[in-house]
Each structure stands twice: as structure tokens, then as C-alpha cells.
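I have placed the structure first, in the form of C-alpha cells, so that the comments after it can refer back to it.
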Protein chains: 2
Amino acid sequence: MAKQPPTVGSSTFERIKRDIIFGTLAPGSKLKLDDLKKRYSASVSTLRETLNRLASDGFVAAQEQRGFFVTPVSKDDLREIASLRVLLERHALRLSIANGDTEWEGNVVAAHHKLHRMEVLMQAGDETEKETWKRYDWEFHLSLIRACNSQNLLSLHSKIYDKYLRYQMLVFTFRGEAAAAEHQGMLDAALARDPDTATKFLEDHINNGLTHTLEAM
Amino acid sequence: MAKQPPTVGSSTFERIKRDIIFGTLAPGSKLKLDDLKKRYSASVSTLRETLNRLASDGFVAAQEQRGFFVTPVSKDDLREIASLRVLLERHALRLSIANGDTEWEGNVVAAHHKLHRMEVLMQAGDETEKETWKRYDWEFHLSLIRACNSQNLLSLHSKIYDKYLRYQMLVFTFRGEAAAAEHQGMLDAALARDPDTATKFLEDHINNGLTHTLEAM
DNA sequence: TAAGTAAAAAATATATGATATTATTGATTT
DNA sequence: AAATCAATAATATCATATATTTTTTACTTA
């Protein structure tokens, strides 16, 4: 029962999305089909499908008759994204804390453990694992809200998270101890089933990250 | 300076989306490329681009190697959608009431006027204008939150609104006087710059609609 | 008969080439 | 420098072709 190999379409989608999030494809740059064809070794049909999907997700801007561009960035857009992330993730966290069972707690603890290990490493100056660290960050935040009991909410949140992530990657700098403390605060409050404290830590966490990123832009 | 004719792609997108929202394409049904080709007179490539976009928006479910389906409906999904609409629209309404200028007020009043005219008509038993009525409903709700000052929020909201709309169309019945009163309440509170009352009316409005639809399902 | 399996048919995923339309560029003129 | 127009490039769309995968049908065997 091996997982079937991903189709050209879905793997191209992931690759382009990743390249946009991690800045390999610069904000605002033109996405010429001919270039992409070489770069991702896929046909025009496949690429157009992919770009249309990414456009719907907001990573690509499609201009009728003029083709596709990497969605540009701006401070205002970042502020909007951060604010939406707060709105969605706070809400999901509250629901999750109210609904989560022991299984959920276990997953949260596990996710935090992995993230924390990585944070210690990064604070020691090791920056080789940026991507792993970001993945663990995502997994921790996701684990916290996973018991919110709304697929639609989780799906919306993950889209916003990815957009937020792009801005973080754009000006990459590690917030270190502060961010780690906020994560710890969220963990403790979640396990203590204290939604007010947990959401307070979350809100600070996102807003501090926002300030940090805005300053670096 | 005439608006340029829409491309085959975008008009196909709108048509299929509309057919899903208004139930012409039944929930869960298979979307065979060959059939769609005839029905919308577009090529497979164009259709696949369209379906991929709709999949990203959640109106179509794409199953790898097995093609596309109209996203199924369920009571739980509807509850999630309604809850998200409350979350997003409440938030946007608060921001909008805080930011809106006189221009905004004018647009809100105008949108409500048109909606109200239609509501009177519907209460008199005329059901021929369902689609116009629904458009005016959308325009009124949009006008209220338009001053929220966040493109991202508006865009998220419009996607959720459309999903909610599909459920309403699915079991179409007019809530009549009650809904009209809630609209009036929102209008008055918005003009009075009373966010608490306005969001209360909004929340009731959506939740009553939800109950109404759930009962009819 | 039920269950399983192999062959056939249908549908999808992907690629390519062709055409019409639209944008962009560069040269030319005013 | 601005405006114009031809030449070039790029996109949007479609029709076809092929490989793969699903689904259906027919057939076999327990």
C-alpha cells in the first residue's frame, strides 16, 4: 500500500509554491510560460493549470491577456495577513482548547518538543536548518488548533499561514528567545485549558513577529 | 473605453461556479471533461484550468487521477461555513463601522434601499426575481463591510459568502419579514455607529438563516 | 452463486503543435 | 519628446496524440 507517486501537476504546484514562499521566485516577477517550462520541466498545459490554482490561492496574480506574475508584497498586505491570522488562529485555538482530548494534548506536547529542540539549536547559532525549523513551527501551531473541529477553518488558516510565512522568509531573521517563550506560553496555557492566556500569547506572538518583519522590510 | 470582452477562461469559470452555486450542477456529481466540453463549449485545456481554480476555491473536489466532482454538501459543512461567515463578517463590520466615511454611509443606504424594494416584492409573493434579490442581498452585506480596509478580508469573506449562498439556494425558501427586519437593524445600527448592536443583528441574521436552511435540508 | 480475475473500454494526465489575439518592443516620423 | 506603426513575442485557446489509471464487462473457478 505504498503512497502513489505524485502527479506532475501536484508536484509542480508544490515546487512553484515553495519557490514563491521561500523567495526563489521574487515578488512581482513575471512568470513566463517558456521559462517555467524549462525550469520545472512540465508542459504549458500543466503549468497553466498550476498557475491558475496558485492564483486562486493568492500566490500568483493572473492578469487577463498578460499572463502570470508572482504576487507582489507590501507592508499593508502583510498587516492585513497578520491581522487575519490573528483572527482565524485565535478563534481556532479557543475552539480547540475547548474540544481537545488527551490525544490532542499528546500531539501538542510532541510538536512543541520538536520545535523547542530546533529553537535551542538556532539560538546556538546554527542556521542550516531554517526550513526544518519553519516546518516544526507550522506543525506546532497546527497541532494546537487541530481540535477546533472545522475543516473549513483549518483550510483557511493554512492558506493564511503560508502567506504570512512568505513575508517571514523574505526578511529572514530569527527572533530567538522571545519567540520561544511565546511558544512555551501557548503550550502551557493550552494544556491548562486557559483560552484567554493562550490566545493572549498567540496574539503577542503574531504581532511581535509582524513588527519584527515590518522593521526588516 | 469599453470593458474588454471576458476571455473564454474567465467566463467559463463564472458559468460553472454559478451552476454549482445555483444547483444546476448537483453536489457530488462527476464533472466529466467530455460532457463539460459540450455544455460550455470550451476545450479540455481551458476546462481543466477552470476546474483547478474552482477546486482551489472549494467548489470542486479534485481527486488525483480520478477527475473532478462538484463538492458535496453536508450539514456539518454548512455549520462550519456559517460559523466562519459570522467570524469574518462580524470582524469586518466592526472595522468598517469604525472606518467608514460619509461616502460609505451613502452606499450602504443605497444598497439597503434596493434590497428592501426587492424584499417587499418577495413578501408579496413574487418569486420570479430570486437571483436579483440574492444579488442585492450580497451587495448590501458587501456595502456594510467595504470600509473595513482589508482587501484580504474582503476576498476571504466573498469566498465564504458564496459557499453559504450555495446552501441557501439548495433549499431555497424566503425567510421574509424576519430577514428584512434583521437587515433593517443592521442598517440602523451601522449608521448610528453602534458596532455591538450591528454585529448582534448580523450574528442573528446568519444564525437564523442557518437554522432555517438546516431544517429544510 | 459468489468471488475473484483478466481483458476491454473509458477517462484522466500530460505533452505538443497550430492559430488567433493581444502586448511589447523598436524604428520611424512628426 | 511624443506619437505612430510595423515587427516581434507572449498569451489564450483548441485539437490531437500518448501513456496511465479507473471503471466496466466478461469470464473463470471455487
Side-chain angles (χ1 to χ4, degrees), chain A residues 1-20 24-72 155, chain B residues 1-20 24-72 155:
Chain A
M1 260 242 209
K3 194 166 65 174
Q4 60 184 356
T7 62
V8 178
S10 58
S11 82
T12 306
F13 176 82
E14 292 303 336
R15 286 172 64 201
I16 298 186
K17 179 173 162 186
R18 193 188 157 288
D19 286 348
I20 291 176
T24 313
L25 292 169
S29 61
K30 181 82 202 285
L31 293 167
K32 289 220 194 79
L33 299 203
D34 260 343
D35 297 350
L36 297 181
K37 233 168 81 172
K38 290 164 203 152
R39 180 162 192 167
Y40 297 99
S41 20
S43 70
V44 174
S45 348
T46 305
L47 282 167
R48 286 188 57 92
E49 288 180 25
T50 301
L51 293 176
N52 271 294
R53 280 216 274 160
L54 287 166
S56 225
D57 286 347
F59 289 108
V60 160
Q63 285 183 40
E64 211 125 284
Q65 313 286 17
R66 294 197 33 207
F68 302 90
F69 302 78
V70 178
T71 302
S155 141
Chain B
M1 260 249 210
K3 194 165 62 173
Q4 62 184 355
T7 61
V8 178
S10 59
S11 83
T12 307
F13 176 82
E14 292 303 337
R15 285 172 65 202
I16 298 186
K17 180 173 160 185
R18 193 188 157 290
D19 285 349
I20 292 176
T24 314
L25 293 169
S29 62
K30 182 79 203 285
L31 293 167
K32 290 221 194 76
L33 280 311
D34 259 345
D35 298 349
L36 298 181
K37 231 170 85 172
K38 290 164 205 153
R39 181 163 191 166
Y40 299 100
S41 22
S43 70
V44 174
S45 343
T46 305
L47 282 166
R48 286 188 56 91
E49 288 179 28
T50 301
L51 293 175
N52 271 295
R53 280 214 275 160
L54 287 165
S56 225
D57 286 348
F59 290 107
V60 159
Q63 283 183 42
E64 209 126 284
Q65 313 284 20
R66 298 197 31 209
F68 302 91
F69 303 78
V70 178
T71 302
S155 142

- prompt: Once you round it to whole Å, what is the distance between C1' of C/dA10 and CG of B/Leu33?
  reply: 12 Å
- prompt: A/Lys37 side chain N/O closer than 4.0 Å to the phosphate oxygens (OP1, OP2) of D/dA10?
  reply: no
- request: Given side chain to side chain contact (heavy atoms under 4.5 Å, CB included), test B/Leu36 with B/Leu51 step by step and report yes or no.
  value: CA-CA 10 Å; B/Leu36 298 181; B/Leu51 293 175; 3.8 Å; yes
task: Give the rounded distance in Å between these two atoms: NZ of B/Lys32 and C1' of C/dA13.
output: 17 Å
- prompt: When you look at NZ of B/Lys37, are more than 12 heavy atoms from neighbouring residues, nucleotides or ligands closer to it than 6.0 Å?
  reply: no
message: I need the A/Thr24 OG1 to A/Arg18 CZ distance, nearest 0.5 Å.
response: 6.0 Å
query: Stepwise, does the side chain to side chain contact (heavy atoms under 4.5 Å, CB included) test hold for A/Glu49 with A/Phe13?
result: CA-CA 9 Å; A/Glu49 288 180 25; A/Phe13 176 82; over 6 Å; no
- prompt: What is the distance from CZ of B/Phe68 to C1' of C/dT12, rounded to the nearest Å?
  reply: 9 Å
- prompt: Do B/Thr50 and B/Tyr40 have side-chain heavy atoms sitting under 4.5 Å apart?
  reply: no
- prompt: Where each residue is assigned the nucleotide of DNA chain C containing its nearest heavy atom, which of A/Val44 and B/Gln63 is assigned the position nearer the 5′ end?
  reply: B/Gln63
task: Please report, rounded to the nearest Å, how far the C1' atom of D/dT16 is from the CG atom of B/Leu47.
output: 16 Å
statement: Quick note, A/Ser43 side chain, CB onward, closest among D/dA12, D/dC14, C/dT16 is C/dT16
message: Is the phosphate of D/dT13 approached by B/Thr7 (side-chain N or O, under 4.0 Å from OP1 or OP2)?
response: yes
field: Integer-rounded Å distance: C/dT21 C1' and A/Glu64 CD
entry: 13 Å
- line: The nucleotide from D/dA12, D/dC14, D/dT21 with an atom nearest the side chain of B/Thr46 is D/dC14
- request: When you get a sec, tell me which of D/dC14, C/dA13, C/dT14 is the closest nucleotide to the side chain of A/Glu49?
  value: C/dT14
- prompt: Does C/dA13 have OP1 or OP2 sitting under 4.0 Å from an N or O in the side chain of A/Ser45?
  reply: no
query: B/Leu31 CG to C/dT12 P: how many Å, rounded?
result: 10 Å
OP1 or OP2 of C/dT12 under 4.0 Å from side-chain N/O of B/Lys30: yes
message: I need the NZ-P distance between A/Lys38 and C/dT16, as an integer number of Å.
response: 13 Å
- request: May I have the distance from A/Phe69 (atom CZ) to C/dT24 (atom C1'), rounded to whole angstrom?
  value: 11 Å
query: Under 4.0 Å between a side-chain N or O of B/Arg66 and OP1 or OP2 of D/dT23?
result: yes
statement: Ranking C/dA15, D/dA12, C/dT12 by distance to the side chain of B/Arg48, first place goes to C/dT12
